[in-house]
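All remarks here apply to the structure that follows.
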Number of protein chains: 2
Amino acid sequence: MTTDDGMSPASQTPASRAGRGRGGGRGAAGRQRASHSLEAVVAEAVALLDESGEPGLTFRALAARLGGGVGSIYWYVSSKDELLERAADSVLADVLAKTDHLGAGDDPIAEIREMAIAFYEATVGRPWLGAYFLQDTGTQTNGLMLYDRMGREVMRLDLTRRQQFDAVSAVMAYVVGVAADRGQDPPQEVRDGIVDRGAFVASFRDELRALDVDDFPFLHHIVDEFAAHDDAEQFRAGLDLMLAGLRLQAGSSSADTRAASD
Amino acid sequence: MTTDDGMSPASQTPASRAGRGRGGGRGAAGRQRASHSLEAVVAEAVALLDESGEPGLTFRALAARLGGGVGSIYWYVSSKDELLERAADSVLADVLAKTDHLGAGDDPIAEIREMAIAFYEATVGRPWLGAYFLQDTGTQTNGLMLYDRMGREVMRLDLTRRQQFDAVSAVMAYVVGVAADRGQDPPQEVRDGIVDRGAFVASFRDELRALDVDDFPFLHHIVDEFAAHDDAEQFRAGLDLMLAGLRLQAGSSSADTRAASD
DNA sequence: ACCTGAACACCGTTCAAGT
DNA sequence: ACCTGAACACCGTTCAAGT
């Protein structure tokens, strides 16, 4: 209900300050007063998110972990939304680091494949970030960098600009979609380790088997595949479908089509 | 913190009761006491979600719209999470209705394309549901039905069960991913109609242009495409890449490949 | 069987006050 | 320039009480 006039203290915090870093404040003077940094705040937020999901990220819990008061977080971040954006973006920083070596190979599509897989791997076990990629350009430069890095590969293909733009968007969307889908796979007990993954898959398998065969012929048809499947493999299978289509569109004659194998 | 023992009153509500429907309670007797139904609760929740997004869905706001007390919602639904699951599933009911006529055509992949587009169209303007599809099998039968319907088309292709399973999962994930991506496109002002879509796109275009060309060569390369692109078209372009790959995998010789057109 | 509304625990955000 | 913590408004959920 209150209109945001952009005058909160955090809006005075220059984003360029993001590269400072001060450490834990275990120095000589401070014992009572805590001292943070943007990176420390975001890093601790990611840790909290990974441990207990989105509902686990609380300003109070975060402040406790940082050893300070609730209010001080607002010096670095103007809202919980911005905190989540920065957390998601910091995950993409890892992806960028792991795909830094790419771009030299002679097959652009193979490079895109590697980037997408690295992106996927960063989302495994992080159901919370599905919805926060590319939220705001201002705070999320890493998302744009990954987008651009993938785009540079696509530029090497014989495609129109529109086709290049669409291709990168499609691959990114697919990765996000798989991440979002997998996010809700294990409902809670699995995350906490109360029920192991195998038991969860088995009980879902039984649920599928209990459905009427006439109403759900396909689910019955693939129920064993479901029980035996590996998420990462399935991700790659779908990615390869998309990349095979891209290769076709680019009129590839150099490399053989890569999908349709496993 | 409290462990859910599954003993809440809502767990006694049989899901089979979902097909009752009682109306608004504008009858002869009731003037003080409100009377609801599962469908009314979910329908009003969807309306609230569409109007003001996920933060707009509040038990108090929902109760006010239904003309009753907060507590009564818990008779139909055991938590906000379940309410969101049912809301997402009710959107899928529309998709099912709109794809009911499909399945008779001679090109299975074209049918899949229609289903995916119908699914996509249902997500337009609903950034809230990206994360709630296929959450829980028990409450979300429509998701499984759509999955199965698409699967029945894939069964007609010459593929292994694993390939069929992977293909349906890939298409579904892609749709969800596009929905999630588009979810955060307009940051707030656009939703509220304060700033129109065109102005938002233009300002983002300018933001891209302001980036260093050496750091973001691809973004500069496609900046005009971005300003001119249509979301639905871009969705179809990516879908067609994936389906072209699928057609290739199925060893299609009957129909010509459909991607690589616009 | 279903609805009510006060009460509880908790959360994001603000702000006057400190250093 | 940055940290503190009480205070505020609001939210999901519970529950004894009603019909």
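Letters A, B, ... mirror the listed sequences (proteins, then strands); counts begin at 1. On a predicted model such as this, the values are computed, not experimentally measured, just so you know.
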Checklist entry - Who are the side-chain contact (heavy atoms from CB on, under 4.5 Å) partners of A/Ser90, not counting sequence neighbours? => result A/Val42, A/Val46
Checklist entry - Which nucleotide sits closest to the side chain of B/Arg33: D/dC3, D/dT19, D/dA6? => result D/dT19
Item to check | Ring centers of B/Phe235, B/Tyr120 separated by less than 6.0 Å | outcome: yes
Checklist entry - Hey, does the side chain of A/Tyr76 come within less than 4.0 Å of D/dC2's phosphate (OP1/OP2), counting only N and O? => result no
Next on the checklist: For Watson-Crick and G-U wobble pairs within 3.5 Å on both distances, what is DNA chain D written in dot-bracket notation, | included for inter-strand pairing?
Outcome noted: ||.|||||...|||||.||
Checklist entry - Rounded to whole angstrom units, what separation is found between the OH atom of B/Tyr74 and the P atom of D/dA16? => result 16 Å
Next on the checklist: Please enumerate all residues that pass salt bridge (Lys or Arg N to Asp or Glu O under 4.0 Å) together with A/Arg205, with sequence neighbours excluded.
Outcome noted: none
Checklist entry - Any side-chain heavy atom of A/Leu62 sitting closer than 4.5 Å to one from A/Leu83? => result yes
Next on the checklist: Rounding to an integer number of Å, can you tell me how far B/Leu66 CG sits from C/dG5 P?
Outcome noted: 14 Å
Checklist entry - How many Å lie between CD on B/Glu54 and C1' on D/dG12, as a whole number? => result 14 Å
Checklist entry - Closest nucleotide of DNA chain C for A/Pro55 versus for A/Ser72: which of these residues is on the 5' side? => result A/Pro55
Checklist outcome for this item: B/Asp100 meets the salt bridge (Lys or Arg N to Asp or Glu O under 4.0 Å) criterion, sequence neighbours left out, with B/Arg149
Next on the checklist: Starting the side chain at C-beta, find the nucleotide from C/dT13, C/dG12, D/dT14 nearest to A/Val70.
Outcome noted: C/dT13
Checklist entry - At under 4.0 Å between heavy atoms, what does A/Leu57 touch on the DNA or RNA strands: base, sugar-phosphate, or nothing? => result sugar-phosphate
Next on the checklist: Rounded to whole Å, how long is the line connecting atom CZ of A/Phe59 with atom C1' of D/dA6?
Outcome noted: 17 Å
Checklist entry - CG of B/Leu38 versus C1' of C/dA1: gap in Å, rounded? => result 15 Å
Checklist entry - Listed by chain and number, what are the side chain to side chain donor-acceptor pair (under 3.5 Å) partners of B/Gln140, not counting sequence neighbours? => result none
Checklist outcome for this item: With the side chain defined as heavy atoms from C-beta on, B/Trp75 is closest, among C/dC3, D/dC3, C/dT14, to C/dC3
Next on the checklist: Taking the nucleotide of DNA chain D with the nearest heavy atom to each, does A/Arg60 or A/Gly68 sit closer to the 5' end?
Outcome noted: A/Gly68
Next on the checklist: Output the rounded distance in Å from CG (B/Leu84) to C1' (D/dT13).
Outcome noted: 15 Å
Next on the checklist: How many whole angstroms separate atom NE2 of B/His36 from atom P of C/dA1?
Outcome noted: 17 Å
Checklist entry - Could you give the CG-to-P distance, from B/Leu62 to D/dC10, as a whole number of Å? => result 18 Å
Checklist outcome for this item: Sorted by chain and number, sequence neighbours left out, salt bridge (Lys or Arg N to Asp or Glu O under 4.0 Å) with B/Arg65 holds for B/Glu44, B/Glu51
